Structures are given as structure tokens and as C-alpha cells.
Amino acid sequence: MTKNETFALKLRSGVLAHAMAAHNPLAAKLAERAGFDAIWGSGFELAASYAVPDASILPMSTHLEMTRAIAATVSIPLIADIDTGFGNAINVSYAIPQFEAAGASAVVMEDKAFPKDTSLREGGRQELVRIEEFQGKVAAACAARGDRDFLVIARVEALIAGLGHEEAQRRARAYEEARADAILIHSKSKTPDEVLEFVRGWHGRVPLVLVPTAYPRLTEADIAALGKVGLVIYGNHSIRAAAGAMQAAFAQIRREGGIAGVDKTLPTVGDIIELQGDARMRALESKFLR
Ligand code: SPV
Ligand code: MG
């Protein structure tokens, strides 16, 4: 079975899958080793790793480069966050084959206007495109893929934009009608009530996807019990863990005027060399260096 087929089956299996965000191959490798089912190629994390806002600032080529590098490093499937699809349905038609060729097994595309603003920021500019326009973008994405098991996940931002439950359901139904393989329903509410209302009201055939960043107390067991969610995405916990660890180590070094203190707590240089895939290079050395 191909990686895409395996992921497509998993998403539809009725058993909740989990994906961890990554912004580079090292983060993806650590997530794979920790036992996640898939990698979320997060636009938020990628933007943060360049220290720019998650607001369509980085070009598609940067997203593609991350996608290629991660897919070449891990063997679990990669879900590419393609934001708004980098433009209209025509742009989507050209983008999809590139993300497929880069090694993604799925894309998530959101119904916001290009250029987008990030979803979880208080007071962000949350402008959505018309339902018909986004249906065209979903249809274009499905038509542009080479492999039927490369999934097109439509992301509903109606709750993020404050448009309410009915509009979110209307959009989700319309995107399923346009042949989306799953619906990601996003919410920035601090409690899961809004998302739970959506899940209970969802009677479509395709599975739902949740990103519980804003309502972290909802566990995988809670989500699995809902019975309609195929995938949970941990949207930004890789960059937040990395930023937090760097801040703490850097502050300690300045405080102590040296590295002796942090040296005991950090992964060793040897640990990092191992993560670089050193064993493979040594095997190549012994085989081919003459
Ligand atoms: C991302 O991780 O890039 C996402 C999820 O799209 S969120 O940042 O919550 O919008
Ligand atoms: Mg994103």
C-alpha cells in the first residue's frame, strides 16, 4: 500500500489519527519517533520559524521546500497546510500537483480570502471567500491531483470569522458537495462548546478534523468518543516547544555567564549528530569512499 492509501484509509477508519506540527525535518523526525501518525506541515510554524506573521507573507516556494524536505526525511504521511491555496481556483490547480510531487499525502485548504490573516490571533482580519468560490477551489484541487488517495481537506473558518454555527454547517456541506475528502472545522473559542455543537450537528459522510489549540482540555479520548472525527492536529506545539526551550537556555546562559549549567540539561552534541542521520553517512563512507 502507498503512503497516501494508508493515510486515506486511516482517516476513514473510524479510529482517531493524530498529527503533530513541524516546521522542518528535524521537528518532523522527533514527532515520528514520538509515535504520531502524521506530520502537519504547519504554515503558522513555518512563518514563525522565519519570524514573520502567518499572513500569506512567505511564498509558495518556501512552503514547497519545507514539504519536500520533511517528506524526504520521515516515513509517516505529511499533511500540507496550503493556507488559501495561494490565490484563486486557477492558482490551486497549479499548486496541487506541486505539493503532490513534493511528497505530501494530503492538503488542507482554508476558505479565507488571500492574503489571509492567522486564525488564532485576537482581532485578526478574518475575511472569507464566497461559498461558491471556495467550492470551485475544492473542485479544482480534486481535479488537479494525480492520485485519488491524495486527500483534499477543506477547512471551514466561519467560526473563526464569528459567522456562527449555521454558516459553518452550510459551508461544510457545500465543500463536501464539492468533493472534499474531509472537513476541518476550526475554532478559537477557549472552550470546546462551539466545536462540539458543530460536530453534533454534522451529518455529512466525510470525517471531520479538529485543531484543539484554543481548547486544549479536549483530549483524544473525548474527541474519539464523538465518533465523527478522523484526525486531530496539534497545530503549533513543535515551534512553541522549541521557542520555549531556546528562551530558557539562552536566558540561563546569560544569567550564569557560561554554558556549564545548560550543558547538563540539553541533548548532547552526539544526540544531534545521531538525529542528523550520521549512521547512514558512515555506512555510505565504508561502502563507497575508496
Ligand atoms: C497552522 O498551524 O498553520 C494552522 C493552524 O493553520 S492555526 O495556526 O491554528 O490556524
Ligand atoms: Mg495554517
Side-chain angles (χ1 to χ4, degrees), residues 18-24 27-28 31 36 38-60 62-67 70 77-87 92 95 99 104 106-129 134 137 141 151-163 168 171 175 180 182-192 194-195 198 208-218 223 229 231-243:
H18 33 67
M20 175 48 74
H23 49 281
N24 64 28
F36 287 96
I39 299 298
W40 167 239
S42 162
F44 178 89
E45 291 217 351
L46 179 64
S49 75
Y50 278 79
V52 298
D54 175 29
S56 306
I57 308 278
L58 295 175
M60 186 172 84
T62 308
H63 286 252
L64 275 171
E65 200 171 303
M66 174 179 76
T67 304
I70 291 177
L78 169 61
I79 307 151
D81 175 7
I82 62 166
D83 292 341
T84 63
F86 303 97
V92 171
F99 280 90
V107 290
V108 169
M109 181 169 65
E110 65 204 42
D111 58 357
K112 285 215 283 258
F114 177 91
K116 61 167 273 181
D117 198 354
T118 201
S119 298
L120 297 180
R121 183 185 178 283
E122 281 307 319
R125 292 171 276 110
Q126 303 302 340
E127 192 192 328
L128 308 196
V129 296
F134 197 69
K137 291 175 77 167
L151 301 182
V152 174
I153 302 174
R155 168 165 159 180
V156 175
E157 292 280 290
L159 300 178
I160 294 285
L163 300 178
R171 284 179 174 262
Y175 305 159
I183 300 292
L184 188 159
I185 180 68
H186 205 9
S187 164
K188 62 181 178 211
S189 174
K190 298 279 189 291
T191 70
E194 183 175 71
V195 146
F198 181 93
L208 298 175
V209 179
L210 299 188
V211 185
T213 312
Y215 46 95
R217 277 186 290 279
L218 195 71
I223 296 170
V229 181
L231 174 69
V232 58
I233 292 176
Y234 298 118
N236 51 34
H237 299 76
S238 162
I239 197 83
R240 286 165 66 196

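Numbering of residues begins at 1 and proceeds along the displayed sequence. Atoms within each ligand, like the ligands themselves, are counted from 1 in listed order. These figures come from a predicted structure and were not determined experimentally.
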Exercise for the section: Provide the number and element of each atom of ligand 1 under 4.0 Å from a heavy atom of Ser119. Expected result: 10 (O)
Exercise for the section: Taking the side chain as every heavy atom from C-beta outward, state whether Glu127 and Arg125 have any atom pair closer than 4.5 Å. Expected result: no
Handout entry: contact_flag Asp81 ligand 1 heavy-atom lt 4.0 Å
Key = yes
Exercise for the section: From atom 10 (O) of ligand 1, work out which of Arg155, Glu45, Lys116 has a heavy atom at the shortest distance. Expected result: Arg155
Fill in the blank from the handout: Ranked by distance from atom 8 (O) of ligand 1, the top protein heavy atom is Phe44 CB, 3.6 Å
Practice task
Kindly check if the number of other-residue, nucleotide or ligand heavy atoms within 6.0 Å of CZ (Phe114) is above 12?
Solution key: yes
Handout entry: Polar protein atoms near the Mg ion (ligand 2) [N, O or S; cut-off under 2.8 Å]
Key = Asp81 OD2
Handout entry: Note, Ser189 side chain near Val195 side chain (heavy atom, < 4.5 Å)
Key = no
Practice task
Would you mind reporting whether Asp81 and Leu46 have side-chain heavy atoms less than 4.5 Å apart?
Solution key: no
Exercise for the section: Measure Glu110 to ligand 1 on non-hydrogen atoms and call it side chain, backbone, both or neither using the 4.0 Å cut-off. Expected result: neither
Practice task
Could you tell me whether Asp111 and Lys137 make a salt bridge, using a distance below 4.0 angstrom between a side-chain N and a carboxylate O?
Solution key: no
Exercise for the section: Quick one: look up the protein heavy atom nearest atom 2 (O) of ligand 1 and list residue, atom name and how far away it is. Expected result: Ser42 OG, 2.7 Å
Handout entry: Sub-4.0 Å heavy-atom contact, Leu120 with ligand 1
Key = yes
Handout entry: Non-hydrogen side-chain atoms of Leu210 and Leu218 separated by less than 4.5 Å
Key = yes
Exercise for the section: Determine, stepwise, if the pair Arg155 / Ser119 fulfils side-chain hydrogen bond (donor to acceptor under 3.5 Å, both in side chains). Expected result: CA-CA 11 Å; Arg155 168 165 159 180; Ser119 298; 3.0 Å; yes
Handout entry: Identified side-chain contact (heavy atoms from CB on, under 4.5 Å) partner of Ile233 from the options Ile153, Thr213, Val209
Key = Val209
Exercise for the section: Provide the number and element of each atom of ligand 1 under 4.0 Å from a heavy atom of Gly43. Expected result: 3 (O)
Problem - Listed partners of Ala158 passing side-chain contact (heavy atoms from CB on, under 4.5 Å), at least two apart - result: Leu128, Val156, Leu163, Glu167, Ala168, Arg171
Practice task
Can you label the angle between the Phe99 ring and the Phe86 ring as parallel, tilted or perpendicular, going by 30° and 60°?
Solution key: parallel
Exercise for the section: Compare Arg121, Glu157, His186, His23 and give the one whose heavy atom is closest to atom 9 (O) of ligand 1. Expected result: His186
